[in-house]
Amino acid sequence: MKMVKVITYGTFDLFHEGHYRLLQRAKALGDYLIVGVTTESFDKARGKLGVIDSLMTRIENVRKTGFADEIIIEESVGQKFSDIKKYNIDIFTVGSDWVGKFDHLNDYCKVVYLERTKNISSTMLREQKRHIQRIGIIGTGRIANRFFIEARAVSGVNVQSVYNPHPDSVAKFAEKWSINAYSDLEKFFADVDVVYIASPHQTHYEYIKSALNHDKHVLCEKPMVLKKSEAEEVFKIAKDKKLILMEGIKTAYCPGFHKLLGVAHSGKIGSIRNVEACFTKLENPENRELKDEKFGGSFFELGSYIMLPIFKLFGENYTELKFDTINGENGLDIFTRASFKFPTGIATATCGLGVKSEGRLLIAGTKGYILVTAPWWKTTYFEVHYENPNEIEKYSETFLGDGLRYEINDFLLQLTSPGVNDFKLTRNESISMAAAMEQFFSEKRN
Ligand code: C2G
């Protein structure tokens, strides 16, 4: 009888029972198991962040399980296909967090997705004195789906559970991603270490307080809260309880945006005097963003993004803020312009859900200007221009996946080394953004 050969791949960082169970079941699929362990450079290229263990340690941990008949290293994108041919593979397998992703390999061998292990962080990790952060998601909308996919690209976290007060929606989401479903908040908190809040804006405040009071660190989608006093209050609770509370504005954590801030502050364009940031997205009129007459509209949805570069470049202490809006039939703003004055310059932030414009960021200084082409909020490319139109400096940087992975990785870094990178989005910046949201609400919604 022909020997059935199985192959699987992974990083196997901070080796845990999810990895162990995967290899155990992979071995049981056939007679001979080959395990491909990713190299550091391949992980870098495919955008896997935060890998801690060395390649040697990761290989050794796979070897110790006794399930692998052969261990190889995976170092490039096209390697899976060539390995299947080279080793005469019958079955390719990987965890169900990758469902659909490797279907194309079905042309060359059988593809089996093994159910991922939901619950991590038991005996095996305690023995290693290491910790995988168990993440729980509050909310089951589009962003929650993107979060799951991006969290796969960050080592040291396991998206373990999801909460939504409606049992049907939560069950559907949980089944899709093989995670635990809860519509009881107490039970949900008991199952996780950290919470990612991706529920409707107006519910953030209560969920943040509740999570912090259950001693959970919190990463909250923007806009974190809609009132200055609420922002101050939740940051104070977090500080008193020595917990991390971070607002998730993904641009703030992406590498290209950091490069941009560095160049803008380098003196190349002199002193910064004007910033114009624009972000528009034509939204389906049936979606919550254009339906929710109290908390929908373009500024609540996109205002955090467009205020970010302005506060990063001028500081968060504006002296004046004025809003002009174009409203749709239901009174919600489909286009908003926020005009700021600062002691050293002026800025305009525009956003739209029902009006389309060029999504660019322009930073004007006394010696030149920086143009970040659309979509600047996923900063990958920008140019520095001077009086002489032929003198242009060009900069580029990678932006992987949906970009949320940078935010998740920075959040994780905050947990292990508090204070190391909280300059990327400071408490005061988040508080000032909440103050601007509050002003918008009182002027334009009441
Ligand atoms: N896994 C699992 N349960 C978890 C976590 C991971 O079953 N809770 C599985 C993954 O689906 C994968 C294997 O364990 O099959 C290794 O996971 P990682 O080390 O995270 O590697 P990954 O990034 O998934 O590598 O070429 C690389 C592979 O495509 C996937």
Side-chain angles (χ1 to χ4, degrees), residues 6-29 33-55 57-62 65 67-68 71-84 89 91-105 109 111-122 124-125 128 130-137 148-162 174 176-180 191-193 400-401 405 408-409 412:
V6 182
I7 198 161
T8 190
Y9 297 85
T11 304
F12 303 105
D13 188 34
L14 304 174
F15 199 89
H16 56 66
E17 65 265 53
H19 300 140
Y20 184 88
R21 292 193 60 244
L22 188 286
L23 295 177
Q24 188 177 37
R25 287 169 298 154
K27 170 73 179 173
L29 288 173
L33 176 66
I34 301 180
V35 181
V37 181
T38 57
T39 61
E40 276 103 3
S41 59
F42 180 48
D43 275 330
K44 195 161 177 247
R46 74 187 181 114
K48 182 118 182 181
L49 306 177
V51 177
I52 292 177
D53 291 336
S54 70
L55 176 58
T57 303
R58 292 181 286 118
I59 289 175
E60 180 57 15
N61 285 335
V62 169
T65 64
F67 297 128
I71 298 176
I72 59 173
I73 61 169
E74 185 185 25
E75 49 190 343
S76 65
V77 177
Q79 195 185 318
K80 288 186 178 77
F81 164 76
S82 49
D83 286 344
I84 289 168
I89 295 299
I91 300 174
F92 166 88
T93 188
V94 69
S96 60
D97 38 345
W98 293 100
V99 157
K101 181 83 184 174
F102 295 105
D103 288 358
H104 57 284
L105 295 176
C109 66
V111 174
V112 176
Y113 297 103
L114 292 168
E115 178 154 353
R116 72 186 283 274
T117 302
K118 295 178 184 174
N119 300 325
I120 300 290
S121 206
S122 54
M124 194 174 282
L125 287 163
Q128 292 181 36
R130 295 258 189 72
H131 194 49
I132 302 278
Q133 295 293 336
R134 299 168 307 165
I135 302 190
I137 305 179
F148 184 91
I149 294 169
E150 286 289 301
R152 271 191 326 211
V154 182
S155 202
V157 298
N158 183 55
V159 179
Q160 170 133 334
S161 306
V162 61
K176 179 173 176 191
W177 298 116
S178 304
I179 59 180
N180 300 318
D191 195 29
V192 301
D193 305 306
L400 293 158
R405 64 188 63 185
I408 302 169
N409 192 47
L412 205 59

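Remember, it's 1-based here, ligands and their atoms both numbered in the order they're listed. Please read all numbers here as calculations on a predicted model, not as lab measurements. Starting from 1, each residue takes its place in the sequence as its number.
- Within the 4.0 Å heavy-atom criterion, neither part of Leu114 lies near ligand 1.
- Below 3.5 Å of separation, one finds no N or O of Ser96 facing any N or O of ligand 1.
- Looking at Arg152 next to ligand 1, no N or O pair under 3.5 Å apart turns up.
- Asn409 places no side-chain N or O within donor-acceptor distance of the main-chain N or O of Val154, the cut-off being under 3.5 Å.
- Between Phe102 and Tyr113, the ring centre distance reaches or exceeds 6.0 Å.
- Listed by number with element, the atoms of ligand 1 under 4.0 Å from a non-hydrogen atom of Asn158 are 8 (N).
- Summarising the contacts of atom 19 (O) of ligand 1 with Tyr9, Phe12, Tyr113, Tyr20, the nearest heavy atom is found in Phe12.
- At the top of the distance list for atom 3 (N) of ligand 1, counting protein heavy atoms only, stands Thr117 N, 3.1 Å.
- The closest side-chain heavy-atom distance from Phe12 to Leu23 is below 4.5 Å.
- Here Thr93 has no heavy atoms under 4.0 Å from ligand 1, in either its backbone or its side chain.
- Contact annotation: His16 has at least one heavy atom less than 4.0 Å from an atom of ligand 1.
- Checking each of Leu33, Val112, Ile91 against Thr8 for a side-chain contact (heavy atoms from CB on, under 4.5 Å) leaves exactly one that passes, namely Leu33.
- Under the 3.5 Å distance criterion, the side-chain polar atoms of Gln24 are left unmatched by any main-chain donor or acceptor of Tyr20.
- Annotation: atom 9 (C) of ligand 1 to nearest protein heavy atom, Leu22 CG, 3.8 Å.
- Those atoms of ligand 1 that come under 4.0 Å of a heavy atom in Lys80, given as number and element, are 26 (O), 27 (C), 29 (O).
- A cation-pi contact links Lys80 to Tyr9, judged by a cut-off of 6.0 Å to the six-membered ring centre and 45° from its axis.
- Among protein heavy atoms, atom 26 (O) of ligand 1 sits closest to Glu74 OE1, 2.5 Å.
- For Thr38 and Thr11, the side-chain atoms include at least one donor-acceptor pair closer than 3.5 Å.
- Annotation: side chain of Ile89 is in contact with side chain of Ile34 (closest heavy-atom distance under 4.5 Å).
- Taking only nitrogen or oxygen atoms, main chain and side chain alike, Thr38 does not reach within less than 3.5 Å of ligand 1.
- In terms of N/O distances under 3.5 Å, ligand 1 is approached by Thr11.
- Summary of contacts: the protein heavy atom closest to atom 7 (O) of ligand 1 is Arg116 CA, 3.4 Å.
- At a 4.0 Å heavy-atom cut-off, ligand 1 does not touch Lys118 at all.
- The shell of residues lying under 4.0 angstrom from ligand 1, judged by heavy atoms, excludes Arg21.
- Ligand 1 places these atoms under 4.0 Å from at least one heavy atom of His19: 14 (O), 16 (C), 17 (O), 18 (P), 19 (O).
- Listed by number with element, the atoms of ligand 1 under 4.0 Å from a non-hydrogen atom of Phe102 are 29 (O).
- Here the protein heavy atom with the shortest distance to atom 15 (O) of ligand 1 is Gly95 N, 2.9 Å.
- Nearest to atom 25 (O) of ligand 1 among the protein's heavy atoms is Gly10 CA, 3.4 Å.
- Atoms of ligand 1 lying under 4.0 Å from at least one heavy atom of Gly18, given by number and element, are 2 (C), 3 (N), 7 (O).
- At a 4.0 Å heavy-atom cut-off, ligand 1 touches Val94 through backbone and side chain alike.
- In terms of N/O distances under 3.5 Å, ligand 1 is not approached by Arg25.
- Of the protein's heavy atoms, Trp98 NE1, 2.8 Å lies nearest to atom 24 (O) of ligand 1.
- At least one N/O-N/O distance between Lys48 and ligand 1 falls below 3.5 Å.
- Residues Val51 and Glu40 are not in side-chain contact: their nearest non-hydrogen atoms beyond the backbone lie 4.5 Å or more apart.
- At least one heavy atom of Arg46 sits closer than 4.0 Å to an atom of ligand 1.
- Here's the thing with Asp97: one of its N/O atoms is less than 3.5 angstrom from an N/O atom of ligand 1.
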